[in-house]
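A quick write-up on the structure given underneath.
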Amino acid sequence: MKILKTILIALLFLNNLDLIAQTKDYINAEKKRIAKTEQTEKDVERFITDNFNKYKLAVGASDELIKELREHENFTDAQIEKALIDAKRNELRKLFFSKNREFVSDYKALELPASIAQDCVNGDFEDGTAGYTFWTDLHPQPGSGTSFFQSCATPTVLTTTNVLAPTTNNFNSRATIINSTAAGYQQFDPVLASFGVNVPTLNNNGGTKAIKLNNTGGMGSSDLTTVSRYFPVINQSTIDFNFSLVMDNKPGHAQDIQPYFRARVLDQFGNVVDEFCIIANPNNCLFSTINVNADRRVLYTGWICARLNVGDILNQPGTIEFSVSDCQPSAHFGTVYIDNICGFTCASPQLGAINTNPTNLNCPSPTSTEPIEVCGTYAPPANAVLNSITLQIIQGGVVIATINTPLQLTSSGFCFSFLPSLFGANPSGNYEFQVNADFNVNCTAGTFLYEISDNSANVGPDVTFIDCCIPTLILTSPADDSNNLALPAVKKRERSDWIKAANIISVGDNVQGNGVVYHAENYVELNPGFEAVLGSQFAAYPEGCSSTFVYRIGQEQNNSDEQLEENINLIKLSNGFSIIPNPSSNFIEVVMNDGDFNKVNIATIDGRIVFDKFTDAINRTQIDVSKFPTGIYIINVTTEDGQIHSEKLIKN
């Protein structure tokens, strides 16, 4: 027996050594990837400088929209000019990646080996940003308008041109790693420190590193910055983490256009498993408030421990995603610090949590007197009192029934009970359970209502009345033909043994998941006479009665190497000149893009000439602008054929 124990201990030791080696190899590979992105960022800056005056913005510069922006945010002339410059820089960044697609893959984290996937490798960022993918959606004003902004529902996805490489201790960057051992480290958030409030940039349990998303200088670009991490296998029921928010809040803005922070987990098909979203709101008891002036408040939370429930995708792939956004008009920022992503457990999740137990019922009899129970546990938010807890039965996104009172309710658990007759006399289709809890929190700002919800923790519907898991199915033409007018129950078929199909399918609208899906435990057989006509969408695969109808696409959508395209709002100029650098405080160089020039003059924004020089035919010249007052100037260059080209210079 002692020998056996010794062997087992030795095997465990060797296994741990193997996992440590795999982890080390992964971290080293990720560090090499990140180093390549750092070099690419230098190439991007050179590209922007070299091409800045070779392009102009295609949209976003009309006087009408600029006037509207000023009315919303009181932008000055200088701020408008800076916003347009930033917008062009953003578009040139997108243009670089559209021309150099080979660099894009370097910005996406390598997939973790399944054996170490949920050991939370680098969950505390002590090895930098290994394992994490960053991107930022830049919505330059005024061209974006309100169409992109949907508050907490605003979509975001990694594309070929919105990739982002985090910096280190750069608080002006849209993504940066906070590192207390590197140059530029600031112990406290600089915005809050400027108002005499000290909130640490590192969590006190998080070692020497954390990450920060978004900067505080939107002003013309409503930025939505995101970091994600992919898990090949989810093998724990919750993902806990720490975060700290610092957000602007303008009293004149409605809540639906204020900055927000969203944390969520997606399954392998891109469906939201669990999420919460916090909008900048001084009435939310999470926030402390600094009243700056009549147009601005700064809200902050300090470090918070939060939880996302992932029990319904246990042993499956999943992706955790954090996003933070400026306000819609862009002049008020949202930013967040994040640390300790999984690998530890919140003693008490400050935002509260609800976890509904799995329910998976196949065709319960509507006349049965055996009640259906939906139970689970909950943890109230900090200093909160439960106001109400309800159960909703949902079909196709529509609430068909609500149960307002649990059969059992304790300080940490609940249990609802109802008869199957609640589904109706002849139920059909799939049904989901959702538990909603409201909590009252009293604080200085008054009473705030927290709302938390959760779906039952299982894959697929909670209750299904589709086919009721009949063993076999034979489909023939024309009786079983399917077209776009067919009912969902005809397009989605499953059996516990087999399906034999000889019908005709003509369903297709190019929307993922809207076609025909057949699956059965042992096989789906396509016999003579079966036809999926040109343009139709059809999938078949071996799987029993799961009541889950999906298109099997291999890797999950969020882990695909194929990224989406983005429009690049630039127009290339056929001629003109460049001002390098711009803005500048000392010397500038005027460089003609095509051809030579023989005259340069510089005027103030109101037309006063401050520099005028004739030259021999040249294509570049250097000018000292150090003695010019700070402001905006117009540089006019006259070419040999008498054409005049003009560009703006910002003197700082």
Side-chain angles (χ1 to χ4, degrees), residues 111 114 117 230-235 266-271 273 311-319 358-364 428-432 456-477 479-483 486-560 562:
E111 183 176 328
Y230 170 67
F231 296 92
V233 179
I234 296 286
N235 64 4
L266 308 173
D267 68 14
Q268 60 185 310
F269 306 110
N271 302 309
V273 177
D312 46 350
I313 56 171
L314 281 174
N315 303 314
Q316 298 180 58
T319 299
T359 306
N360 197 344
L361 299 177
N362 186 28
C363 298
S428 64
N430 297 323
Y431 298 82
E432 299 283 350
S456 64
N458 62 275
V459 177
D462 298 318
V463 180
T464 182
F465 292 93
I466 295 179
D467 290 339
C468 298
C469 213
I470 300 170
T472 63
L473 174 65
I474 297 177
L475 300 169
T476 60
S477 180
D480 298 306
D481 292 348
S482 297
N483 56 39
L487 296 174
V490 175
K491 300 176 187 178
K492 318 292 186 183
R493 300 296 190 106
E494 64 180 0
R495 287 296 185 265
S496 61
D497 191 354
W498 52 258
I499 295 176
K500 297 180 180 180
N503 57 328
I504 298 174
I505 293 169
S506 55
V507 176
D509 59 6
N510 294 320
V511 176
Q512 178 72 25
N514 280 3
V516 171
V517 178
Y518 299 158
H519 63 79
E521 179 68 31
N522 292 316
Y523 62 88
V524 176
E525 185 176 278
L526 305 181
N527 291 320
F530 175 84
E531 181 182 3
V533 302
L534 181 66
S536 62
Q537 296 162 257
F538 172 71
Y541 47 85
E543 182 179 287
C545 292
S546 65
S547 298
T548 302
F549 299 89
V550 298
Y551 282 82
R552 296 303 177 88
I553 56 175
Q555 283 284 4
E556 86 299 338
Q557 292 173 350
N558 289 334
N559 199 41
S560 173
E562 292 295 325

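The heavy-atom pair separating Tyr541 from Val524 by the smallest distance is O-CG2, 3.9 Å. Here the closest non-hydrogen pair linking Pro461 and Glu432 is CA-OE2, 3.2 Å. Smallest separation of non-hydrogen atoms from Ala502 and Pro528: CB-O, 3.6 Å. Residues Pro317 and Ile234 share a closest heavy-atom pair of C-CG1, 4.3 Å.
Taking Ala501 as the reference, Leu475, Asn503, Tyr518, Leu526, Phe530 meet the side-chain contact (heavy atoms from CB on, under 4.5 Å) condition, with sequence neighbours excluded. Considering only residues two or more places apart in sequence or on other chains, Asp497 meets the side-chain contact (heavy atoms from CB on, under 4.5 Å) condition with Pro471, Thr472, Asn522. Taking Ser477 as the reference, Asp481 meet the side-chain hydrogen bond (donor to acceptor under 3.5 Å, both in side chains) condition, with sequence neighbours excluded.
No side-chain heavy atom of Val516 sits less than 4.5 Å from a side-chain heavy atom of Ser536.
Atom NZ of Lys500 sits about 13.5 Å away from atom CZ of Arg495, to the nearest 0.5 Å. Rounded to the nearest 0.5 Å, atoms CG (Leu361) and CZ (Phe465) are 8.0 Å apart. Separating the CD atom in Glu494 from the CG atom in Leu473 is a distance of 11.0 Å, to the nearest 0.5 Å. With rounding to the nearest 0.5 Å, the separation of CD in Gln268 from CZ in Phe231 is 15.0 Å. To the nearest 0.5 Å, the span separating CG on Leu266 from CG on Asn271 amounts to 8.0 Å.
Thr319 places no side-chain N or O within donor-acceptor distance of the main-chain N or O of Asp267, the cut-off being under 3.5 Å.
Residues Thr464 and Asn430 have side chains that bring a donor and an acceptor to within less than 3.5 angstrom of each other.
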